[in-house]
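Letters A, B, ... mirror the listed sequences (proteins, then strands); counts begin at 1. The model shown is predicted, which means the values in this text are computed figures rather than measured ones.
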There are 2 protein chains.
Amino acid sequence: MEDGTFRSLSYCDSTVDDDYDVRQWDTREDCEVRQILDRIADKWSLLVIALLDCQSLRFSQLRREIDGVSQRMLSVTLRHLERDGLVSRTVHPVVPPRVDYALTPLGRTLHQTIKSLVTWTEEHQAEIAAARADYDARQEMMEA
Amino acid sequence: MEDGTFRSLSYCDSTVDDDYDVRQWDTREDCEVRQILDRIADKWSLLVIALLDCQSLRFSQLRREIDGVSQRMLSVTLRHLERDGLVSRTVHPVVPPRVDYALTPLGRTLHQTIKSLVTWTEEHQAEIAAARADYDARQEMMEA
DNA sequence: CAGGATCCTTTTGGATACTG
DNA sequence: CAGTATCCAAAAGGATCCTG
């Protein structure tokens, strides 16, 4: 799809040598992929996309559902997602105003991945908690 | 695996009604899943995990490969990932010191998802760029 | 080389007030 | 209801210096 100047992520080599090229894709800070990743891997974006699975939600519904999000951050996040073409914003000309947010077709293609990320977290939270407890215990051992 | 007090993300209902419960999982800010998501969906964590696919890398290699990361942030990120049991840290007792970082088995299970997130971004960057251009153009129209 | 500690800047984000 | 604008506090992050 793109110009192919960087290797696919599927590149795989178990050799460990200080000098061989370990780069797997365009890692430049200002490249498009990095910028997009920063946006969609965002704390609030992730939750919004996950919540919009199969349903459209109003601003106030999202605000209620996403515990801890401020009106400002939800607003900012939704505008970003709308700009990126991942979320659609539908204004109903009624009083009081009603605005519905939903995933666009593009957003729906991303949703699968986001969902698997959330699912992975749900399935492995016990292992992570255990690893943390282990690490912390070992740290305390060191200090004592 | 867990206690099952919240619904699976696979729950899906297209009905839109202001009062029905739209919650799909435990969205509390202080819940484990939210905290873990915040960590692994982190800008630098994502890149480290993606880079450690099938290879172990030294601190300085990671620093070189991840454009824009400061020594401090790479250090902090690696310690977090190590604490969460996603990345292993191997110190070779040589002079000068050599430390290798690699994915743990748990980290490898996460890698698949991270990889699909990066792949999605690579494959859809053109669409997103177009959506942004479109949005920006419409904004300028509005202001004029 | 691989970081820890410190200081200081930049960014993020919350609270509040206000508008269509 | 669904936001925007402003101001300010908190947190993230960079630069630098230092050590085993």
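Residue-to-nucleotide proximity on DNA chain C shows that, of B/Arg72 and B/Ser60, the 5′-proximal contact is made by B/Ser60. Nearest-nucleotide positions on DNA chain C place A/Ser70 closer to the 5' end than the other of A/Ser70 and A/Pro97.
In this structure, A/Asp100 places its CG atom 14 Å from P of D/dC1, rounding to the nearest Å. With rounding to whole Å, A/Gln61 atom CD is found 13 Å from D/dA2 atom C1'. One atom, CD of B/Gln139, and another, P of D/dT4, lie 10 Å apart when rounded to the nearest Å. A straight line from CG of B/Leu62 to C1' of C/dG3 spans 13 Å, rounded to a whole angstrom. The separation between B/Arg39 atom CZ and D/dA11 atom C1' is 13 Å, rounded to whole Å. Per the geometry, CZ belonging to A/Phe59 stands 18 Å off P belonging to C/dT19, to the nearest Å. The distance from atom CG of B/Leu47 to atom C1' of D/dG13 is 15 Å, rounded to the nearest whole Å. A/Asp42 places its CG atom 14 Å from the P atom of D/dA12, with the value rounded to the nearest Å.
The shortest distance between the side-chain N/O atoms of A/Arg98 and the OP1/OP2 oxygens of D/dA2 is not below 4.0 Å. Checking the phosphate oxygens (OP1, OP2) of D/dT4, a side-chain nitrogen or oxygen of A/Ser75 falls inside 4.0 Å. Side-chain nitrogen and oxygen atoms of A/Tyr101 include none within less than 4.0 Å of the OP1 or OP2 phosphate oxygen of D/dC1.
Side-chain contact between B/Leu62 and B/Arg58 is absent, with no heavy atoms from C-beta onward closer than 4.5 Å. The shortest distance between side-chain heavy atoms of B/Tyr135 and A/Arg79 falls below 4.5 Å. Taking the side chain as every heavy atom from C-beta outward, A/Arg39 and A/Asp84 approach each other to under 4.5 Å. Contact of the B/His92 side chain with the B/Val99 side chain is not registered, since no non-hydrogen atoms from C-beta on lie closer than 4.5 Å.
A donor-acceptor pair under 3.5 Å links the side-chain atoms of B/Thr77 to the main chain of B/Met73, judged by distance alone.
Among C/dC1, D/dC17, C/dG14, the nucleotide with an atom closest to any side-chain atom of B/Pro96 is C/dC1.
Nucleic acid contact for B/Arg63: none, since no nucleic acid atom lies under 4.0 Å from a heavy atom of the residue.
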